[in-house]
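Scroll down for the structure; my scribbles are underneath it.
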Amino acid sequence: MVGLGDSAFETYLRAPKLLFESLVIAGAAPLMPLREADFNKKQVQSLQSFSDAVSNVISEYAKTQHWPENRCESVGPDSLPQLDLRDVSPELESDTLDTLPRQTWCVYSNELITGRKAASQVRCLRLRPEAGLHGAPSIPTITPGCVLKVWSNNNESAVAILLERFGWSGEQSVQLIETDSESGKQFVRLKHQSLKDALSHDLDFMRVNSAALKVLAEFTKDSDEQSKLKTMSKPGSQLFNSWVVKAKRTLLDVINEYPSIESSIPVEKLLPTFTRLQPRYFSAASFPENDNVKEDGVRLLIGVLSQTLAKGRLYKGIATNFLASCAVGQNVMARVEESSFVPSPSRGPIILIGAGTGIAPLINIIEFNRSRPEAERRRCMLIFGCRYQKDDNLLQEV
């Protein structure tokens, strides 16, 4: 058994450890100790090592069972499926490995549909598919309950602040290479024309992790501040969990609140600690009439994440604020993906309950039902809540 987790949290591997102990108590005989794959400590290599160890255990077990020689030979590290780095660890993904199809979508409408004084703002975006990239079809297929996987960009102001804070040139070329400590094999993490482009489009420098804190501590002058940064960089640190995770602090927050961090940190020291900027998933809140995706496009309902925290700190979600700021005519990289959230193939009525997780996928299903021939349509009942009726601009439409 292998447990995946992030040692920055105090609950690190609690579930896999409990499951492993329960299996032993129930009488299961472990063939090897519980292996760990820590997000902060070369997770891909840990998983590859686990894969190799499992194949070796199976090979040895096969010999004790007196399996035929040819059967034993077929069980070995080289015969097992190799790990796909793209599926396991996106932060090790390189331009050469990124062969999954993405597509260019054009924003042709971006409207605020809640009052500006509402507790949270919701925007309605409409996007049309443009030319495909990397072998993607020019016109995607929209299915009931599908989602749009969106690649967002970091805020331009945040990128400029980071570059200025450490005196980095945004024009210098960037290539990040990681070496597997066991095999010595090198992986190209990132290859970009400029540092500014890498920080804008590919690297999640806002997310604080243990590796980044270690580097910051190394270049911190004040001994008290350095001690706190070192403490937070340790696996399972409660201070990290409370001061960073629960308080929603970003890397820029850390830098601002620890003023003795030097402004001369070499880019080659801090940059490798940044993970890849992950795509976000948004449910399609529409279903195109007559499957006319090219004309109707896809509608997204975006709850813009923006919170004022203690001491006036402003916390903003990367993806929702990126989409909220998109101008009409701007291009966005995205891909349509199917979802398991679809109505069962039945002739009975459909009851849809939006209990706080969002109404977008439910609207998609309702519109899909409306698009069917009349003989195939099913009765629909939608139950959802809204704090203020005046802010519920979707009620009349639904």
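Residue numbers count from 1 along this sequence.
In the model, S260 has a side-chain atom that pairs as donor or acceptor with a side-chain atom of E225 under 3.5 Å. Looking only at atom types and distance, the side chain of D224 has no donor-acceptor partner in the side chain of S227 under 3.5 Å away.
When the side chains of ILVMFWY residues are joined at heavy-atom separations under 4.5 Å, either directly or via intervening members, L252 and V245 end up in a single hydrophobic cluster. The same ILVMFWY cluster, assembled from side-chain heavy atoms under 4.5 Å apart, contains both I350 and I366. F166 and L203 end up in the same hydrophobic cluster when Ile, Leu, Val, Met, Phe, Trp and Tyr side chains are linked at under 4.5 Å. Linking ILVMFWY residues whenever their side-chain heavy atoms come closer than 4.5 Å, directly or via other members, leaves V332 and Y281 in distinct clusters. In terms of hydrophobic clustering, with Ile, Leu, Val, Met, Phe, Trp and Tyr side chains grouped at heavy-atom distances under 4.5 Å, I255 and L199 are assigned to a common cluster.
The pair R276-D204 does not meet the salt-bridge criterion, since no charged nitrogen lies less than 4.0 angstrom from a carboxylate oxygen. Contact check on R299 versus E367 returns a salt bridge, with a Lys/Arg side-chain nitrogen under 4.0 Å from an Asp/Glu carboxylate oxygen. Electrostatic pairing of E218 and K269 counts as a salt bridge here, judged by a charged N lying under 4.0 Å from a carboxylate O.
The main-chain N or O of C124 is never found under 3.5 Å from a side-chain atom of E111 such that the two would form a donor-acceptor pair. Looking only at distances, no side-chain donor or acceptor of R335 sits under 3.5 Å from a matching main-chain atom of K149. Put simply, the side chain of Q330 gets close to the backbone of A327: a donor and an acceptor are under 3.5 Å apart. Checking side-chain atoms of N364 against main-chain N and O of S286 turns up a donor-acceptor pair under 3.5 Å. Panel note: side chain R123, backbone Q121; no donor-acceptor pair is recorded below 3.5 Å. Although no hydrogens or angles enter the test, the distance criterion places no donor-acceptor pair under 3.5 Å between the side chain of S237 and the main chain of K234.
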- [ ] Applying side-chain contact (heavy atoms from CB on, under 4.5 Å), run through V267 and L195 and close with a yes or a no.
- [x] CA-CA 9 Å; V267 65; L195 174 59; 3.9 Å; yes
TODO: Test side-chain contact (heavy atoms from CB on, under 4.5 Å) on S200 and N154 and set out the steps.
DONE: CA-CA 5 Å; S200 298; N154 279 310; 5.5 Å; no
Open item on the list: If you apply the rule side-chain contact (heavy atoms from CB on, under 4.5 Å), what do you find for L148 with W105, and how did you get there?
Closed with: CA-CA 10 Å; L148 202 63; W105 294 69; 3.8 Å; yes
TODO: Would you please test C146 and E337 for side-chain contact (heavy atoms from CB on, under 4.5 Å) and show each step?
DONE: CA-CA 6 Å; C146 72; E337 293 195 357; over 6 Å; no
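Separating the CZ atom in F219 from the OG atom in S264 is a distance of 7.0 Å, to the nearest 0.5 Å. Within the model, atoms CG of N321 and CG of N153 stand 13.0 Å from one another, a figure rounded to the nearest 0.5 Å. For the atom pair OG (S173) and CG (D197), the distance works out to 11.5 Å, reported to the nearest 0.5 Å. Distance check: N110 CG to L323 CG gives 8.0 Å after rounding to the nearest 0.5 Å. Within the model, atoms CD of E36 and NZ of K17 stand 5.5 Å from one another, a figure rounded to the nearest 0.5 Å. In this structure, the separation between CE on M206 and NZ on K316 is 10.5 Å, given to the nearest 0.5 Å.
Heavy-atom minimum distance, R313 versus K248: NH1-O, 3.6 Å. For L301 against A285, the heavy-atom pair with the smallest separation is CG-CB, 3.8 Å. Annotation for A360 and S283: closest pair CB-O, 3.9 Å, computed over non-hydrogen atoms. In terms of heavy-atom proximity, G303 sits nearest to T320 at O-CG2, 3.5 Å. Shortest non-hydrogen contact noted between V244 and M232 is CG2-SD, 4.0 Å. In plain terms, the two heavy atoms of P30 and F20 that are nearest each other are CB-CZ, 3.7 Å.
Within the 4.5 Å cutoff, the side chain of I365 has no heavy atoms near those of the N369 side chain. Considering only heavy atoms from C-beta on, V304 stays 4.5 Å or farther from V122 through its side chain. No side-chain heavy atom of F205 sits less than 4.5 Å from a side-chain heavy atom of L271. With a 4.5 Å cut-off on side-chain heavy atoms, V336 and V147 do not count as touching. At least one side-chain heavy atom of M1 sits under 4.5 Å from a side-chain heavy atom of L19. Within the 4.5 Å cutoff, the side chain of L213 has heavy atoms near those of the V254 side chain. Residues L305 and Y315 have side chains in contact (heavy-atom distance under 4.5 Å, counting atoms from C-beta outward). Using a 4.5 Å cut-off on side-chain heavy atoms (C-beta onward), M381 and I383 make contact.
The aromatic rings of Y258 and W243 lie perpendicular to each other, with more than 60° between the two planes, well past the 30° mark.
By the 6.0 Å and 45° rule, R128 stacks over the aromatic ring of Y108.
Side-chain rings of W151 and F282 stay apart, their centers remaining 6.0 Å or farther from each other.
The environment of E262 atom CD is dense: over 12 non-hydrogen atoms of other residues, nucleotides or ligands sit within 6.0 angstrom. Within a 6.0 Å sphere centred on CD of Q307, heavy atoms belonging to other residues, nucleotides or ligands number more than 12.
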